[in-house]
Amino acid sequence: MDKKIYLDNAATTATRPEVVEAMLPYFTEKFGNPSSIYEFASQNKKAVDEARTIIANSLNAEISDIYFTAGGSESDNWALKATAEAYASKGNHIITSKVEHHAILHTCEYLEKHGFEVSYIDVDENGILKLDELKKAIRPTTILISIMFANNEIGTIQPIKEIGEIARENNILFHTDAVQAYGQLKIDVNELNIDMLSASGHKFNGPKGIGFLYIRKGLKIKSFVHGGAQERHRRAGTENVPGIVGIGKAAEIAMATLEERQQKETALRDMLIQRVLTEIPYTRLNGDRTKRLPNNANFSFQFIEGESLLIMLDMQNICASSGSACTSGSLDPSHVLLAIGLPHEIAHGSLRLTLSHDTTEEEINYTVDKIKDIVAKLRSMSPLYEDYVKNNQR
Amino acid sequence: MDKKIYLDNAATTATRPEVVEAMLPYFTEKFGNPSSIYEFASQNKKAVDEARTIIANSLNAEISDIYFTAGGSESDNWALKATAEAYASKGNHIITSKVEHHAILHTCEYLEKHGFEVSYIDVDENGILKLDELKKAIRPTTILISIMFANNEIGTIQPIKEIGEIARENNILFHTDAVQAYGQLKIDVNELNIDMLSASGHKFNGPKGIGFLYIRKGLKIKSFVHGGAQERHRRAGTENVPGIVGIGKAAEIAMATLEERQQKETALRDMLIQRVLTEIPYTRLNGDRTKRLPNNANFSFQFIEGESLLIMLDMQNICASSGSACTSGSLDPSHVLLAIGLPHEIAHGSLRLTLSHDTTEEEINYTVDKIKDIVAKLRSMSPLYEDYVKNNQR
Amino acid sequence: MYSEKVMDHFTNPRNVGEIENASGVGTVGNAKCGDIMRIYLDIDDKGIIHDCKFKTFGCGAAVATSSMATELVKGKNVEEALKVTNKAVMEALDGLPPVKVHCSLLAEEAIHAALWDYAEKNHIKIEGLEKPKADIGEEGVTETY
Amino acid sequence: MYSEKVMDHFTNPRNVGEIENASGVGTVGNAKCGDIMRIYLDIDDKGIIHDCKFKTFGCGAAVATSSMATELVKGKNVEEALKVTNKAVMEALDGLPPVKVHCSLLAEEAIHAALWDYAEKNHIKIEGLEKPKADIGEEGVTETY
Ligand SMILES: Cc1ncc(COP(=O)(O)O)c(C=O)c1O
Ligand SMILES: Cc1ncc(COP(=O)(O)O)c(C=O)c1O
């Protein structure tokens with residue numbers, strides 16, 4: 001295939017042309033600082049408020065509870081660090097899971113160095129949080145439960161409603177990293193008892209460098225970035241107006257096309273999973289078969305290593321990933337795959353394919369054909385496969 | 001005048017069309033995540049590195065010492081909080097000035113609540129830091145001196161070289177908030193002994209939502225935003241590629257046009273100052289007459305209040321400011337004007353005009369004419385002016 | 001940020017000026033807060049506010065509330081003028097941004113101060129009128145606005 | 001991320017395969033690290049490496065260094081093969097990214113392991129060859145790479 005096949009939409013997505021178009025006037029024409037007093041800038045304040053309204057509505061949240069940030073990582077850092085600070089007098093214990101994104105895990109490690117205690121709850125073999133362990137982990141000093149909405153590697157969707165109920169029953173704040181879920185799944189922060197929610201524009205066809213944090217009214221959370229009075233005194237810095245307009249537009253389109261995309265992507269994903277599992281031996285699907293993001297497929301191919309697979313796919317113009325993009329280049333296999341119980345050598349041979357609304361059946365079929373060839377080639381080179389075959393001949 | 005006259009370039013600037021053009025491909029075409037392994041994304045990594053190189057060269061810094069952030073406020077927060085954390089074992093004392101931006105001042109207040117001690121050094125009547133006070137404030141426990149390069153309200157340029165020398169002699173780290181200076185003044189971090197430097201794209205005709213922090217090699221500064229391994233493990237979050245390309249392009253243009261803009265803007269600024277001071281009585285220039293940013297003029301008009309002046313200018317299509325944009329709408333007069341010794345009622349009557357490379361002589365003349373009319377009108381309504389006239393008649 | 005009414009009263013303020021030998025003059029606010037209002041009242045023997053002028057140092061809202069306040073009290077008698085509250089001024093202006101509500105309080109206060117001055121000059125007592133809380137001299141008092 | 005040479009040796013690896021009844025076989029690395037290399041040597045009576053094959057489980061660099069290492073030792077005698085260091089492999093590949101340097105160390109180690117196996121089988125001692133540090137079984141040992 002001449003055209004690039006982009007199957008790494010969990011790493012980042014193409015910004016939609018409509019989004020870019022909506023942003024454009026705010027660079028060169030309507031460039032004013034929304035905090036300025038003159039009419040010329042007040043139109044920008046309005047544009048920011050409109051984007052905030054779209055996003056609030058998409059979550060069934062109050063408009064004033066949406067705060068724009070520079071992306072998912074900042075939102076996660078803010079939620080965790082500011083909660084830790086604001087509620088330190090209540091307690092020093094935080095609960096999260098073993099399969100969170102590094103933006104959560106490394107922030108937790110940071111907090112552990114600063115006097116907080118963190119419980120990392122296990123997941124089952126499909127990546128679903130063990131609710132009984134969560135309940136058992138709760139202490140009188142627990143101030144926050146932070147569990148991701150859906151996993152970025154294996155696509156597993158967590159039982160957020162149940163977690164929200166547990167949090168509420170125990171009077172503990174509940175944050176969810178919805179960076180992968182927002183725009184793919186319907187989310188109602190009230191129905192789900194969510195107190196804080198992180199999202200990132202570039203994961204749902206919005207621009208990079210912009211995200212938001214939902215903070216339920218009444219929470220004592222303070223600033224993470226101190227300075228000017230922007231975002232109701234809670235997040236300093238001149239508003240990224242084009243970015244905010246862009247994320248607003250992306251959210252609008254995402255909500256308008258949600259069900260249609262879910263149906264289309266789920267069908268293609270299931271076809272992909274079906275073909276790979278039936279046509280390539282010694283292969284497993286990682287993550288829950290049904291409680292998974294519509295666009296996510298994650299496989300482990302026994303006896304081969306992921307990076308070689310990725311490079312060979314790349315040479316066929318197929319963009320894919322072996323886990324979260326941030327950790328490629330590192331030698332450690334994915335902490336998520338280890339958490340669902342995969343042995344190291346199998347974790348190393350994993351492949352994540354994440355679809356977009358643009359993905360076609362033809363692309364999927366072409367990709368599966370190429371994976372088959374490449375996996376066969378790599379296995380023919382693999383000492384692990386050699387040993388396996390010899391052992392089974394005996 | 002039908003056309004808008006924008007004289008608030010210290011609040012934010014128009015993004016240059018060339019900058020937008022450079023950014024555009026990175027939204028919809030070259031949208032890959034720079035951390036990804038495939039060829040399609042590696043071109044984005046290259047684009048990010050190119051922007052980093054441009055900025056490093058502009059400061060005579062090492063390429064790997066430039067870290068992209070979401071803007072000036074994040075850079076300031078990062079520099080102060082991470083230094084405080086990393087060097088807490090050495091000491092808990094920080095020195096800054098009374099005229100810093102709120103991104104510095106409020107971060108210092110935050111640190112004061114967390115066990116740090118901060119000395120706020122005075123400035124003289126022109127806004128220049130009192131170096132003798134700085135020297136006296138140094139303690140064995142001083143870990144950081146943070147002094148802005150140039151003031152955002154009154155445009156005063158600080159004696160950065162001298163401050164850098166004092167810092168080095170005393171083995172103290174030196175951070176400078178160069179958000180207003182970068183792109184307007186030539187800066188050499190080695191010559192000036194600068195260890196950390198903050199800048200923000202939208203202040204020099206780059207995009208909003210992107211900035212950088214220079215951190216000299218060898219500093220122990222850790223992350224402010226924890227998570228993925230981006231920016232050499234120091235600033236997590238998927239790179240804002242279009243923003244980074246944009247700030248790189250803006251820096252490139254700013255450096256290529258630096259002297260030409262300085263000359264042009266200084267000439268227009270001086271004409272503006274000259275006309276206002278000679279044609280409008282009871283008026284003073286705030287900030288140093290010569291050690292000031294080429295594009296900054298800041299006046300106090302006795303007997304009148306700034307907001308009314310701004311609104312009336314707005315009605316004449318002139319965009320101006322009475323101080324930093326972030327604090328308009330607040331009832332307190334500018335902390336900078338109070339720090340240079342203005343009484344409250346005079347501080348309230350101040351006006352900041354900040355030029356761009358696009359500003360014309362015609363615009364300046366038109367603006368001065370309008371200011372004259374409006375100041376006269378407001379004085380005729382002012383009880384303070386009434387009292388003054390009556391007192392002088394006696 | 002301001003309603004059309006506010007902008008109208010700010011850019012074309014009614015009743016700007018002084019009244020020589022006014023029946024009552026009241027000045028409130030202080031420069032520290034950035035708002036000073038002075039109201040002049042011309043009150044005839046029947047206690048009717050015949051004329052009313054103002055001078056104001058302050059933001060757009062301060063000018064507009066002064067202007068509206070003078071319009072509202074003009075033609076009224078002293079008792080009626082006393083009932084021109086800050087709420088009445090705000091409503092007449094189609095509202096004010098929250099940070100500017102103090103301007104309307106200042107306008108109410110300025111009228112009261114002018115009426116107090118009138119009462120003192122004429123050695124009368126106006127039912128329900130208390131000594132105004134602040135004027136230029138009493139720095140700090142109005143800062144709670 | 002990889003040089004052209006690395007990509008060439010990764011996509012068209014030389015000497016992939018097994019040698020039946022090889023003079024020496026060495027396997028190093030472990031699955032935990034994600035790299036396992038196995039090298040087969042066919043050594044004639046004169047001590048010349050007549051043939052050399054490999055199998056590798058690992059990243060692009062692991063495959064490319066294995067391929068290059070087999071090319072470099074082929075035709076050499078045992079003493080010369082011992083001098084094929086990881087540096088030599090890296091240089092022949094026009095360099096490796098810093099995080100991939102351990103792959104070249106693994107290739108050196110794999111040759112040594114195969115030579116050790118050859119020496120043991122033939123009850124000889126090869127001057128300068130130490131017992132290889134690790135193979136699949138000795139989990140953890142190679143993790144310092
Ligand atoms: C001196 C100074 N520092 C910091 C900032 C903060 O920059 P930003 O608004 O881009 O975060 C500004 C501008 O608002 C500034 O003028
Ligand atoms: C689940 C999850 N959380 C957080 C992030 C961080 O988002 P960003 O890279 O936009 O800061 C990501 C993506 O990288 C993610 O997948």
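Excluded from the calculations below are hydrogen atoms, water molecules and symmetry mates; all remaining heavy atoms, backbone and side chain alike, are included. Order of the sequence lines fixes the chain letters, A, B, ..., with proteins taken first and strands second; residue numbering starts at 1 for each chain.
- Here OG1 of A/Thr12 is found 9.0 Å from CG of B/Asn44. Values are rounded to the nearest 0.5 Å.
- Of the atoms belonging to A/Asn77, it is side-chain heavy atoms, and not backbone ones, that fall under 4.5 Å from chain B.
- The candidate from A/Gly209, A/Ser73, A/Ala14 with the greatest count of non-hydrogen atom pairs under 4.5 Å with chain B is A/Ala14.
- When atom types are taken as modelled, the side chain of B/His106 and the backbone of A/Gly227 share a donor-acceptor pair closer than 3.5 angstrom.
- Heavy atoms of A/Tyr6 lying under 4.5 Å from chain B belong exclusively to its side chain.
- Heavy atoms closer than 4.5 Å to chain B are found nowhere in A/Met315, neither backbone nor side chain.
- Side-chain atoms of A/Val20 and B/Thr28, non-hydrogen and from C-beta on, do get closer than 4.5 Å to each other.
- Note: A/Asp314 CG to B/Ser42 OG = 8.0 Å, rounded to the nearest 0.5 Å.
- Inter-residue side-chain proximity for A/Ile210 and B/Asn240 is flagged as unmet; no heavy-atom pair is nearer than 4.5 Å.
- Heavy-atom pairs under 4.5 Å with chain B were tallied for A/Asp76, A/Val225, A/Asn205, A/Ile244; the largest tally goes to A/Val225.
- A donor-acceptor pair shorter than 3.5 Å can be found between the side chains of B/Tyr38 and A/Asp8.
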Tell me which donor-acceptor pairs under 3.5 Å the side chains of residues 108-116 of chain B have, and how far apart each pair is, sequence neighbours excluded?
from, atom 1, to, atom 2, distance (Å)
B/Tyr110, OH, A/Glu85, OE1, 3.2
B/Glu112, OE1, B/Tyr120, OH, 2.8
B/His114, ND1, B/Tyr110, O, 2.9
B/His114, NE2, A/Glu85, OE2, 3.2

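- Residue B/Lys30: no heavy atom, backbone or side chain, is found under 4.5 Å from chain A.
- If you measure heavy-atom distances from A/Thr13 to chain B, the contacts under 4.5 Å come from the backbone alone.
- Scored by the side-chain hydrogen bond (donor to acceptor under 3.5 Å, both in side chains) test, A/Lys249 finds A/Glu252 as partners (sequence neighbours excluded).
- In this structure, the portion of B/Ala320 lying under 4.5 Å from any heavy atom of chain A is its backbone and not its side chain.
- Across every non-hydrogen atom of B/Gly32 and A/Lys208, the tightest pair is O-CE, 4.0 Å.
- Ring geometry for A/Phe27 versus B/Phe27: interplanar angle of 30 to 60°, hence tilted.
- Contacts of A/Lys81 with chain B are made by side-chain atoms alone, with heavy-atom separations under 4.5 Å and no backbone atom involved.
- Both the backbone and the side chain of B/Val241 come within contact range of chain A, with heavy atoms under 4.5 Å apart.
- For a residue to count as touching a neighbouring chain, one of its non-hydrogen atoms must lie under 4.5 Å from one of that chain's; by this rule A/Leu24 touches chain B with the side chain only.
- Separating the OG atom in A/Ser322 from the CD1 atom in B/Ile37 is a distance of 6.5 Å, to the nearest 0.5 Å.
- When all heavy atoms of B/Gly228 and A/His102 are compared, the closest pair comes out as N-CB, 4.2 Å.
- Of the listed residues (A/Lys222, A/His202, A/Glu74), the one with the most heavy-atom contacts under 4.5 Å to chain B is A/His202.
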